[in-house]
Undergrad: 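The structure follows.
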Amino acid sequence: MDIGQEPDSQPARKRPRIDLGVGERKRGKSMFGIVLGTLNRAKIEDKERNASEAAKKRQMIDQRLQAKLRKETDSVRRSEEAKKDRNAANRKEEELQLKDSIYKLRRTHLPLYSHFLCTSDDIQSIDSMEDQPSSITLLALPTRSHPPPLFYLPAILTTAQEAFLEKRKFKVKEAAESEWSTFRTERTAGIDEIKELRLRVADEDARRKKEKKDEIEADEKTHVNKDEEMTSDEPKPSGSKAEERDSRTEEKTEERESKTEEMEVDVGTKEESGMRADDEDAVEY
């Protein structure tokens, strides 16, 4: 073994052990016991506090407040939904009214346009009307161009023009009736949807009115109960006090009667003395 080589690892140092005496250990145990006793005492006090009447009243008040909060949030949510339903019903009704006026106008006016020729018509392509996939092109008015398209009706029609007009009248009328029947089914479904929305709004309004009525009745009942409690809490006069009051009232009435009698006697004596004075004056005269 070479002297210059260093050892791979140094020996681990041992941690010095703290030698606690008997007094230190007893002190630690006593502190631990004090902490446990404090925790147990706090737990017992908490249980007693929860079991007291004030705690029960507090819990009842908290439950009432939570129930009231849930009721108010539910009422606000229902009122918002009713407002949305009302707006949706109004919007749907306006949309149906607009569409109804548009489709009625198309149903009455577009067949009238089919009685006339247009400068943009291609009369040579009569058979192309059979190949049209839908009624959109038949019911569509001619596009704007320069010069603009004009409707006209010659005094004398050619054979091709007569055939073109007859075929277009039939196709346009059929397409207009088909479009109107499709809109009628859509209108019926829309009316049913509007009725359902308005029914939900009416139910929500009735529910809110009932809640307000119930709240007013509950407030009146609470006021009546409070008044009854206040009247019941008032002290009632005892029997001795009632007898004293009765005796006092009797004495007062007797005093009043005696005073009235004395006044009557005084008045009578005064009258007699006045009459005697008059008699004496009369004799002297």
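For the single chain, residues carry numbers from 1 onward in sequence order. In what follows, every heavy atom counts, from backbone to side chain, and hydrogens, waters and symmetry copies are set aside. Everything numeric in this text was worked out from a predicted model, so none of it was measured.
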Undergrad: Taking the side chain from Asp100 and the backbone from Leu96, do they hold a donor-acceptor pair closer than 3.5 Å?
TA: no

Undergrad: How far does CZ of Arg64 sit from CG of Asp62, to the nearest 0.5 angstrom?
TA: 11.0 Å

Undergrad: Just so I know, are the side chains of Phe183 and Lys104 near enough to count as touching, which here means a heavy-atom distance under 4.5 Å?
TA: no

Undergrad: State the CZ-NZ distance between Arg107 and Lys173, to the nearest 0.5 angstrom.
TA: 9.5 Å

Undergrad: Centre-to-centre under 6.0 Å for Tyr113 and Phe151, is that the case here?
TA: yes

Undergrad: Honestly curious: do Phe164 and Phe170 fall in one hydrophobic cluster under the side-chain, below-4.5 Å linking rule?
TA: no

Undergrad: Would you mind checking if Glu95 and Lys99 are paired as a salt bridge, meaning a charged N to carboxylate O distance below 4.0 Å?
TA: yes

Undergrad: Looking only at heavy atoms, what is the nearest atom pair of Gln161 and Ile156, with distance?
TA: OE1-O, 4.3 Å

Undergrad: Could you state whether Val172 and Tyr103 fall into the same hydrophobic cluster, counting links through intermediate Ile, Leu, Val, Met, Phe, Trp or Tyr residues with side-chain heavy atoms under 4.5 angstrom apart?
TA: no

Undergrad: Is Leu69 reachable from Val76 through a run of I, L, V, M, F, W or Y residues, each pair having side-chain heavy atoms under 4.5 Å apart?
TA: no

Undergrad: Are any non-hydrogen side-chain atoms of Ile34 and Thr38 less than 4.5 angstrom apart?
TA: yes

Undergrad: Is the closest basic N to carboxylate O distance between Asp214 and Lys210 below 4.0 Å?
TA: no

Undergrad: Is a side-chain N or O of Thr182 found less than 3.5 angstrom from the main chain of Ser178, in a donor-acceptor match?
TA: yes

Undergrad: Side-chain contact test, heavy atoms from C-beta onward, threshold under 4.5 Å: evaluate it for Leu199 versus Lys195 and give yes or no.
TA: no

Undergrad: Looking at Gln66, Arg70, Glu72, which hits side chain to side chain contact (heavy atoms under 4.5 Å, CB included) with Lys68?
TA: Glu72

Undergrad: Could you pull out the closest heavy-atom pair between Ser75 and Glu204, with the gap in Å?
TA: O-OE2, 4.4 Å

Undergrad: Count I, L, V, M, F, W, Y as connected when their side-chain heavy atoms are under 4.5 Å apart, and connections chain through other members. Are Leu153 and Leu110 then in the same cluster?
TA: yes

Undergrad: Rounded at 0.5 Å granularity, tell me how far CD in Glu220 sits from CD1 in Ile216.
TA: 7.5 Å

Undergrad: To the nearest 0.5 Å, what is the distance between CG (Leu65) and CZ (Arg58)?
TA: 12.5 Å

Undergrad: Consider only side-chain heavy atoms of I, L, V, M, F, W and Y, link residues closer than 4.5 Å, and tell whether Ile191 and Leu197 are in one cluster.
TA: no

Undergrad: Counting only N and O atoms by type, is there a donor-acceptor contact under 3.5 Å from the side chain of Asp121 to the main-chain atoms of Leu117?
TA: no

Undergrad: Dump the intermediate steps for salt bridge (charged side-chain N to carboxylate O under 4.0 Å, His left out) on Arg77 and Glu81, then the final yes or no.
TA: CA-CA 6 Å; Arg77 181 181 59 80; Glu81 290 179 356; 3.1 Å; yes

Undergrad: Give, for atom CD of Glu211 and atom CZ of Arg78, the distance between the pair rounded to the nearest 0.5 Å.
TA: 8.0 Å

Undergrad: Got a second to check how far Leu165's CG is from Ser114's OG, nearest 0.5 Å?
TA: 8.0 Å

Undergrad: Do Ser120 side-chain atoms and Pro149 backbone N/O form a donor-acceptor pair below 3.5 Å?
TA: no

Undergrad: If you count every heavy atom of other residues, nucleotides or ligands that lies below 6.0 Å from Arg207 atom CZ, does the total exceed 12?
TA: yes

Undergrad: Stepwise, does the side-chain contact (heavy atoms from CB on, under 4.5 Å) test hold for Lys92 with Asn87?
TA: CA-CA 8 Å; Lys92 188 74 175 176; Asn87 293 333; over 6 Å; no

Undergrad: On a heavy-atom basis, which atom in Ser79 and which in Arg208 lie closest, and how many Å separate them?
TA: CB-NH1, 4.3 Å

Undergrad: When Arg198 is tested against each of Asp85, Asp203, Asn90 for side-chain hydrogen bond (donor to acceptor under 3.5 Å, both in side chains), which residue passes?
TA: Asn90

